[in-house]
Number of protein chains: 2
Amino acid sequence: MSTPERLIESTRELLWERGYVGTSPKAIQQRAGAGQGSMYHHFSGKPDLALAAVRRTAEEMRATAEAQLSGPGTAVERISAYLRRERDVLRGCPIGRLTQDPEVVASPSLRQPLEETFAWLRGRLAGILAEDRPRDGLAAGLDPDDTAATIVAVLQGGYVLARAAGSAEPFDRAVNGVLGLLTARTTAA
Amino acid sequence: MSTPERLIESTRELLWERGYVGTSPKAIQQRAGAGQGSMYHHFSGKPDLALAAVRRTAEEMRATAEAQLSGPGTAVERISAYLRRERDVLRGCPIGRLTQDPEVVASPSLRQPLEETFAWLRGRLAGILAEDRPRDGLAAGLDPDDTAATIVAVLQGGYVLARAAGSAEPFDRAVNGVLGLLTARTTAA
DNA sequence: GTCTATAGGGTGATAGAC
DNA sequence: GTCTATCACCCTATAGAC
């Protein structure tokens with residue numbers, strides 16, 4: 001792996017673990033096995049390197065989500081497959097995490113990949129909910145855009161609750177809960 | 001306001017804005033208008049001061065939530081009042097925010113107030129859902145604990161989406177979405 | 001109870017040799 | 001392209017005067 005690649009990968013890991021404020025150039029260099037001068041040769045500084053790292057993480061997250069969401073099945077089945085896929089819950093979401101960093105949200109270029117990722121995900125879920133509605137058990141009164149936002153929020157909030165509890169249990173409960181709400185009307189009534 | 005009080009209040013503000021890693025004793029002292037020695041006289045250090053600040057924020061958050069949740073109305077009405085109360089959405093949740101801080105979750109004493117706050121909130125919501133179920137329109141198949149976790153996750157995730165978007169819109173959509181899911185069965189079917 | 005002085009280490013970044 | 005040296009500043013904390 002080339003030096004720039006190793007620097008980007010190290011930055012991705014550290015941003016996930018410690019956030020932007022908690023990640024120092026020195027820590028990046030040490031993890032990448034690169035010297036100070038090497039880092040400043042390939043990148044103009046910490047913001048530049050972070051931008052490359054965040055863009056790659058956002059790309060990867062979108063590709064992973066698309067894999068589950070483009071699978072077979074009804075709307076609820078595909079959403080269930082996405083929500084229940086294996087996740088390292090206590091590590092949290094590498095994109096959602098950055099949302100709490102004041103320097104990230106204050107920087108338009110750093111915030112942009114976060115905004116685009118969640119906008120895409122919400123739109124993708126809303127499309128699935130809308131297209132599958134006629135032949136599925138979903139209630140006719142549900143707004144696809146609102147419901148999609150709820151599903152993404154459950155994921156992101158599930159990570160928060162899990163980290164507070166030091167356990168994946170609240171995440172799993174939140175996912176079960178929203179899937180129960182999405183399917184209850186077909187089994188109840 | 002006494003010096004210890006001012007130090008605690010300053011720490012609360014800074015923890016909300018910048019998190020634990022992003023908050024320095026120096027910044028706390030400056031905001032509180034207190035000197036270095038003054039801070040170390042009243043508190044043993046940054047962790048001690050942070051603990052006092054986090055405990056107070058957790059207490060306050062619980063009291064605020066209880067005010068909405070103990071109001072009149074059906075389960076859905078009380079939960080709706082809680083979810084839709086006025087919030088400074090882009091500031092995020094002062095407790096949920098700390099969940100992303102590696103040094104907070106690594107410290108049992110600092111994590112404890114977070115864990116207790118969300119455990120209480122989930123339990124409170126589960127109780128409301130369970131007790132009100134017979135005479136309300138909620139589906140019999142819904143698990144109160146799972147549904148409660150979903151509601152809290154929607155709040156916490158709503159903050160995440162709002163900060164990523166730089167707008168309260170996704171938060172409001174997520175709240176509308178979960179309330180739609182909770183009430184759809186009474187209007188549909 | 002508050003102050004200043006000081007410590008040892010880290011921060012983000014630049015300069016210039018190799 | 002990578003290295004080491006150096007910069008000015010900030011970090012958390014302690015010491016001891018007042």
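A note on names: the letters A, B, ... follow the listed sequences, proteins ahead of strands, and every chain is numbered from 1. Values in this document were obtained by computation on a predicted structure and should not be read as measured data.
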> Heavy-atom contacts under 4.0 Å between residues 37-56 of chain A and DNA chain C, which residues?
Replying inline: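 Per residue number, the list reads A:Y40, A:G45, A:K46.
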> Which parts of residues 8-23 of chain A get close to DNA chain D, meaning a heavy atom less than 4.0 angstrom away?
Replying inline: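 Nucleic-acid contacts, sorted: none.
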> Residues from residues 102-112 of chain A sitting under 4.0 Å of DNA chain D, heavy atoms only?
Replying inline: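 Residues of residues 102-112 of chain A under 4.0 Å from DNA chain D: none.
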With [X], which residues qualify under side-chain contact (heavy atoms from CB on, under 4.5 Å), at least two apart?
| X | value |
| --- | --- |
| A:A67 | none |
| A:T3 | A:R6, A:L7, A:A34, A:S38, A:H42 |
| A:D172 | A:A168 |

Please name all residues satisfying side-chain hydrogen bond (donor to acceptor under 3.5 Å, both in side chains) with [X], sequence neighbours left out, ordered by chain then number.
| X | value |
| --- | --- |
| A:D146 | B:R173 |
| A:R31 | A:E13, A:E17 |
| A:T57 | A:R12 |

Ignoring hydrogens and angles, write down the donor-acceptor pairs under 3.5 Å from the side chains of residues 102-117 of chain A, residues two or more places apart or on other chains.
unit_1: A:S107; atom_1: OG; unit_2: A:S109; atom_2: OG; d: 3.3
unit_1: A:S107; atom_1: OG; unit_2: A:L110; atom_2: N; d: 3.2
unit_1: A:R111; atom_1: NH1; unit_2: A:E115; atom_2: OE1; d: 2.9
unit_1: A:R111; atom_1: NH1; unit_2: B:A164; atom_2: O; d: 2.9
unit_1: A:R111; atom_1: NH1; unit_2: B:A165; atom_2: O; d: 3.2
unit_1: A:Q112; atom_1: NE2; unit_2: A:E116; atom_2: OE2; d: 3.0
unit_1: A:T117; atom_1: OG1; unit_2: A:P113; atom_2: O; d: 2.6

>> I need the full list of ring pair (Phe, Tyr, Trp, His ring centres under 6.0 Å) pairs touching residues 143-172 of chain A, with sequence neighbours left out, sorted by first then second residue.
In response: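 Pairs touching residues 143-172 of chain A that pass the test: A:Y159-A:F171.
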> Taking any atom under 4.0 angstrom from a heavy atom of chain A, which nucleotides of DNA chain D are the first and last to qualify, 5' to 3'?
Replying inline: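 Contact boundaries, 5' end first: D:dG1 to D:dT4.
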